[in-house]
Amino acid sequence: MSDPPPTELISLSDEEQGVILRVLRAESFSGGRQDDTLHAEISVSSDFVNGRVALSLHSHDLDSWAEVLDSVESGRAASWLESGRSPRIAITPAAISESACTEVSVYDVTASQIHVTVPVAAPPDWIGRHRALLAAVRSCLPLAQDSP
């Protein structure tokens, strides 16, 4: 069976720049019958900087992404993937950002130690769209639940 095509979990872009997280494939590292890891990449693009960084996601990461969306929707800045085992993403809502745009920061804490913040003129419905992207990833690439 072939892997499904890449699926976007995050797609915050405007005409000039953006940040996209694509889920590339699922895999079972535990040796079980159900996949427990998603291989993904974050890409940052702008006239100023372009880059990619690989990462792995687990079911608890998808759960915490849903919590980040809730926080940002309520007007608070939020950070995702804080464990230090992968790149980290922080989102600052337009209402409280210095640029008056939704700001997406990507921190490559595991390799280059470089971080970049991209201001994006996100549409008003971007959080709802991202909830739909999350649901699509969970549907297309279901993961075994993490052990407590």
Side-chain angles (χ1 to χ4, degrees), residues 2-29 35-146:
S2 64
D3 285 327
T7 304
E8 290 180 352
L9 178 64
I10 298 174
S11 181
L12 277 166
S13 304
D14 57 29
E15 299 82 32
E16 297 177 21
Q17 52 213 13
V19 175
I20 296 174
L21 186 149
R22 284 186 186 87
V23 177
L24 306 173
R25 69 183 188 285
E27 186 173 351
S28 175
F29 276 121
D35 294 326
D36 52 22
T37 302
L38 298 177
H39 295 280
E41 75 175 4
I42 301 168
S43 62
V44 176
S45 61
S46 76
D47 287 341
F48 180 69
V49 64
N50 290 290
R52 294 182 192 279
V53 62
L55 70 155
S56 297
L57 300 171
H58 305 282
S59 64
H60 66 272
D61 296 323
L62 299 181
D63 295 341
S64 66
W65 175 237
E67 293 169 7
V68 165
L69 292 173
D70 292 343
S71 292
V72 173
E73 184 175 47
S74 69
R76 296 185 314 264
S79 191
W80 185 49
L81 303 173
E82 292 283 338
S83 70
R85 66 170 168 76
S86 70
R88 179 169 50 100
I89 295 176
I91 299 179
T92 303
I96 62 170
S97 74
E98 289 184 27
S99 66
C101 291
T102 300
E103 293 179 350
V104 184
S105 299
V106 178
Y107 300 82
D108 181 16
V109 297
T110 59
S112 70
Q113 300 297 308
I114 293 173
H115 77 271
V116 62
T117 299
V118 180
V120 177
D125 68 340
W126 78 265
I127 293 175
R129 247 184 358 95
H130 280 78
R131 285 195 173 108
L133 290 172
L134 174 58
V137 166
R138 285 182 163 157
S139 175
C140 295
L141 301 161
L143 292 177
Q145 292 300 307
D146 298 319

Taking every non-hydrogen atom, the tightest pair across [X] and [Y]:
X: Gly18; Y: Val120; result: CA-CG2, 4.3 Å
X: Pro119; Y: Asp14; result: O-OD2, 4.0 Å
X: Ser45; Y: Asn50; result: CA-OD1, 3.1 Å
X: Leu21; Y: Trp80; result: CD1-CZ3, 3.8 Å
X: Pro87; Y: Leu55; result: CD-CB, 3.7 Å
X: Ile96; Y: Gly75; result: CD1-O, 3.6 Å

Geometric class of the Trp65/His130 ring pair [parallel <30°, tilted 30-60°, perpendicular >60°] = perpendicular

Say you draw a straight line from [atom1] of [X] to [atom2] of [Y]; how long is it, rounded to the nearest 0.5 Å?
X: His58; Y: Ser83; atom1: NE2; atom2: OG; result: 8.5 Å
X: Thr7; Y: Leu134; atom1: OG1; atom2: CG; result: 12.0 Å
X: Ser74; Y: Leu69; atom1: OG; atom2: CG; result: 11.0 Å
X: Glu16; Y: Phe48; atom1: CD; atom2: CZ; result: 14.5 Å

query = Got a sec: does the CD of Gln113 have more than 12 other heavy atoms crowding it under 6.0 Å?
reply = yes

request  = Look at atom CG of Asp47 and say whether more than 12 heavy atoms of other residues, nucleotides or ligands are closer to it than 6.0 Å.
outcome  = no

inquiry  = Quick check against the 3.5 Å criterion: does Trp126 have a side-chain atom that pairs as donor or acceptor with the backbone of Ala121?
reply    = no

message = Strictly distance-based, threshold 3.5 Å: is any side-chain N or O of Arg129 a donor or acceptor partner for the main-chain N or O of Ser11?
response = yes

key: Worked verdict on Leu57 versus Leu81 for side chain to side chain contact (heavy atoms under 4.5 Å, CB included)   = CA-CA 9 Å; Leu57 300 171; Leu81 303 173; 4.0 Å; yes

request  = Report the C-alpha separation of His115 and Ser105 in whole Å, then their side-chain angles, then the decisive distance to 0.1 Å, and conclude whether the side chain to side chain contact (heavy atoms under 4.5 Å, CB included) test is met.
outcome  = CA-CA 7 Å; His115 77 271; Ser105 299; 5.6 Å; no

Is any side-chain heavy atom of [X] less than 4.5 Å from a side-chain heavy atom of [Y]?
X: Thr102; Y: Val72; result: no
X: Thr117; Y: Thr92; result: no
X: Glu103; Y: Val118; result: no
X: Val19; Y: Ile42; result: yes
X: Ser79; Y: Arg88; result: yes
X: Leu38; Y: Leu9; result: no

message = What verdict does the side chain to side chain contact (heavy atoms under 4.5 Å, CB included) test give for Gln17 and Val116, after you've listed the backbone C-alpha separation in whole Å, the side-chain angles of each residue and the deciding distance to 0.1 Å?
response = CA-CA 12 Å; Gln17 52 213 13; Val116 62; over 6 Å; no

Arg131 and Asp125 ion-paired at < 4.0 Å = no

